[in-house]
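Inspection log for the structure reproduced underneath, given as C-alpha cells.
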Amino acid sequence: MAAPTMTPQQRARALERAAEARTARSALLAEVKSGTISVAEVFGRRGDELVKKTRVVQVLRAVPGYGPARVAALMAVSGVTEKRRVGGLTKQQRERLLWALAG
C-alpha cells in the first residue's frame, strides 16, 4: 500500500504534530522517571490519546531501577507482549503489571 500523496503544507503540519507528540511523550516519561507521576496514574489516564499510544515498555523503563532485563521479565510474568501499548492493555494485564511492580 502506497503512502498517500501529501502537499508540502500537509507534510509540514504532520511533522509538527509528530514533534509535538514526541515532546509530550518525553515529558510524560520524565515525570515517571522523577516520581512525579506513578505507573498506576499513567495507566489510569488511558483515555488520553498520548498515553494510549505509548508503549508499556517505555513507561516501565522510565521507572527508576528498571532496565531492559528487569522490564522484559516483568512483562513476561504479567503476560504482556513487548509491542503492547498502554491503550491496548486489558484490566487484568494492568492489574498484574501493577502487582508485579509493587512486589
(request) Check M75 against V57 and note the closest heavy-atom contact, atom names and distance. (result) CE-CG2, 3.6 Å

(request) Any chance you could measure E41, atom CD, to T36, atom OG1, to the nearest 0.5 Å? (result) 9.5 Å

(message) How long is the straight-line distance from CG of L28 back to OG1 of T23, given to the nearest 0.5 Å?
(response) 12.5 Å

(request) Look up atom CG in L29 and atom CD in Q58, then write down how far apart they are to the nearest 0.5 Å. (result) 6.0 Å

(message) Within this structure, what is the CD-CD distance for the pair E95 and Q93, rounded to the nearest 0.5 Å?
(response) 11.0 Å

(message) I need the R84 CZ to T90 OG1 distance, nearest 0.5 Å.
(response) 7.5 Å

(request) Report yes if the side chains of L89 and V80 come closer than 4.5 Å at any heavy-atom pair, otherwise no. (result) yes

(message) Quick check: closest heavy atoms across P64 and V32, and the distance to 0.1 Å?
(response) CD-O, 4.1 Å

(message) For L60 and Y66: C-alpha separation, side-chain torsions, deciding distance, then whether side chain to side chain contact (heavy atoms under 4.5 Å, CB included) applies.
(response) CA-CA 7 Å; L60 295 177; Y66 282 79; 5.6 Å; no

(request) Working to the nearest 0.5 Å, report the span between CG of L98 and OG of S38. (result) 8.0 Å

(request) Could you pull out all residues at least two apart from R11 that satisfy side-chain contact (heavy atoms from CB on, under 4.5 Å)? (result) M6, L15

(message) Looking at G65, is its backbone amide N or carbonyl O close enough to the side chain of R70 to form a donor-acceptor pair, meaning the two atoms are under 3.5 Å apart?
(response) yes

(request) Could you give me the CA-CA distance, side-chain angles and deciding distance for R94 and L97, then say whether side chain to side chain contact (heavy atoms under 4.5 Å, CB included) is met? (result) CA-CA 5 Å; R94 282 192 307 273; L97 283 168; 5.9 Å; no

(request) Taking all non-hydrogen atoms of both residues into account, name the closest pair between T54 and L50 and its distance. (result) OG1-O, 2.7 Å

(message) So does R85 get a backbone contact from the side chain of R55, meaning a donor-acceptor N/O pair under 3.5 Å?
(response) no

(request) May I have the step-by-step check of side chain to side chain contact (heavy atoms under 4.5 Å, CB included) for V51 and F43, ending in yes or no? (result) CA-CA 8 Å; V51 173; F43 288 174; over 6 Å; no

(request) Using the salt bridge (Lys or Arg N to Asp or Glu O under 4.0 Å) rule, collect all pairs that involve residues 17-37, keeping only residues at least two apart or in two chains. (result) R13-E20

